[in-house]
Amino acid sequence: AQSVAQPEDQVNVAEGNPLTVKCTYSVSGNPYLFWYVQYPNRGLQFLLKYITGDNLVKGSYGFEAEFNKSQTSFHLKKPSALVSDSALYFCAVRDAGDTGTASKLTFGTGTRLQVTL
Amino acid sequence: NAGVTQTPKFQVLKTGQSMTLQCAQDMNHNSMYWYRQDPGMGLRLIYYSASEGTTDKGEVPNGYNVSRLNKREFSLRLESAAPSQTSVYFCASSLTGDSNGELFFGEGSRLTVL
């Protein structure tokens with residue numbers, strides 16, 4: 001079975017400071033990893049994904065994430081936070097060894113990012 | 001550019017009532033999904049349809065049924081609603097049989113069961 005842990009319910013950061021939202025995963029094989037963002041009363045929006053290749057993945061709105069296989073982590077980062085980045089962030093995983101044709105993702109419980117002036 | 005459209009956006013039911021949540025996508029995606037979102041639980045997969053004509057159970061299928069009406073539409077039915085089914089429901093779709101494809105989500109349907 002695959003699983004995702006987001007250890008922080010909320011992360012607070014001042015605008016202009018770097019931010020990190022943590023994610024660790026568990027799969028039996030190699031992982032496909034995703035980050036999504038949810039703004040209030042909206043659906044989830046895709047930010048970025050790691051499938052293979054470079055461990056540092058760049059995505060939308062200046063976000064990036066670093067895949068660390070030895071630590072089974074995929075932390076989301078941004079060098080300089082904006083107030084408009086305040087939202088709920090979800091990490092998700094899929095076992096690459098699952099050969100089914102649907103993209104069945106397992107999501108973490110979410111981390112609320114609060115960026116203040 | 002509608003993407004994934006869900007109806008209704010809000011619904012209040014009494015225990016035992018039935019209802020159907022509708023979902024349609026206009027991106028020619030093969031796979032469609034229903035998730036529920038609960039505080040502290042994240043998103044959990046209820047049912048999915050890998051392609052037109054197929055449906056499969058996800059993590060939390062009990063109390064729900066689904067129909068893949070055609071390639072565009074995937075509905076979720078609650079036959080006898082229970083308070084435990086109070087949640088926000090999200091429909092999603094993905095492009096192809098590519099298992100690493102990202103999901104595209106609708107804006108959600110907030111259901112309250114009294």
Side-chain angles (χ1 to χ4, degrees), chain A residues 1-10 21 23 25 27 29-53 57 59-60 65 67 87-112, chain B residues 2-7 9-10 23 25 27 29-61 66 68 74 88-110:
Chain A
Q2 56 202 36
S3 65
V4 173
Q6 294 182 242
E8 302 153 316
D9 290 337
Q10 181 156 328
V21 181
C23 170
Y25 66 90
V27 295
N30 291 318
Y32 295 149
L33 293 156
F34 301 77
W35 275 102
Y36 284 81
V37 60
Q38 184 181 32
Y39 298 101
N41 300 312
R42 304 296 299 274
L44 279 69
Q45 297 176 31
F46 170 78
L47 274 181
L48 52 81
K49 66 180 179 182
Y50 171 82
I51 302 300
T52 187
V57 178
S60 307
F67 171 63
L88 188 57
Y89 290 81
F90 289 95
C91 182
V93 69
R94 162 91 195 245
D95 189 333
D98 182 351
T99 56
T101 56
S103 188
K104 293 177 294 176
L105 302 185
T106 296
F107 287 84
T109 53
T111 298
R112 187 163 302 280
Chain B
V4 179
T5 303
Q6 295 180 230
T7 56
K9 294 191 185 306
F10 301 94
C23 175
Q25 52 90 10
M27 296 173 283
H29 286 175
N30 286 331
S31 301
M32 298 185 72
Y33 313 79
W34 278 105
Y35 282 87
R36 60 178 288 173
Q37 182 181 22
D38 302 292
M41 303 289 289
L43 278 81
R44 293 178 292 169
L45 182 63
I46 305 171
Y47 271 93
Y48 67 98
S49 171
S51 61
E52 186 178 356
T54 69
T55 60
D56 284 288
K57 295 178 180 179
E59 181 185 356
V60 288
V66 291
R68 183 75 182 266
F74 187 41
V88 181
Y89 292 86
F90 287 99
C91 179
S93 67
S94 63
L95 179 57
T96 65
D98 182 354
S99 61
N100 62 30
E102 61 263 34
L103 304 184
F104 293 78
F105 283 83
E107 297 207 339
S109 299
R110 185 175 297 274

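Remember, it's a predicted structure, so these values are computed and weren't measured experimentally. In what follows, chains are A, B, ... by sequence order, proteins preceding strands, each numbered from 1.
- Of the inter-residue distances, the one linking B:Glu102 atom CD with A:Tyr36 atom OH reads 6.0 Å to the nearest 0.5 angstrom.
- When heavy atoms are compared at a cutoff of 4.5 Å, A:Gln45 does not approach chain B at all.
- Residues A:Phe90 and B:Gln37 approach most closely at CZ-NE2, 3.2 Å, considering heavy atoms.
- Neither the backbone nor the side chain of B:Phe104 comes within less than 4.5 Å of any heavy atom of chain A.
- Residues passing the salt bridge (Lys or Arg N to Asp or Glu O under 4.0 Å) test with B:Arg110, sequence neighbours excluded: none.
- At a 4.5 Å heavy-atom cutoff, the contact between A:Asn41 and chain B is made by backbone and side-chain atoms alike.
- At a 4.5 Å heavy-atom cutoff, B:Glu59 makes no contact with chain A through either its backbone or its side chain.
- Taking the side chain as every heavy atom from C-beta outward, B:Leu43 and A:Gln38 never approach each other to under 4.5 Å.
- For a residue to count as touching a neighbouring chain, one of its non-hydrogen atoms must lie under 4.5 Å from one of that chain's; by this rule B:Leu45 touches chain A with the side chain only.
- In this structure, CZ on A:Arg94 lies 10.0 Å from CG on B:Leu103, to the nearest 0.5 angstrom.
- Side-chain N or O atoms of B:Tyr33 include none that pairs as donor or acceptor with a backbone N or O of A:Leu105 at under 3.5 Å.
- Between B:Met41 and A:Thr109, the shortest heavy-atom distance links the atoms C-CG2, 4.0 Å.
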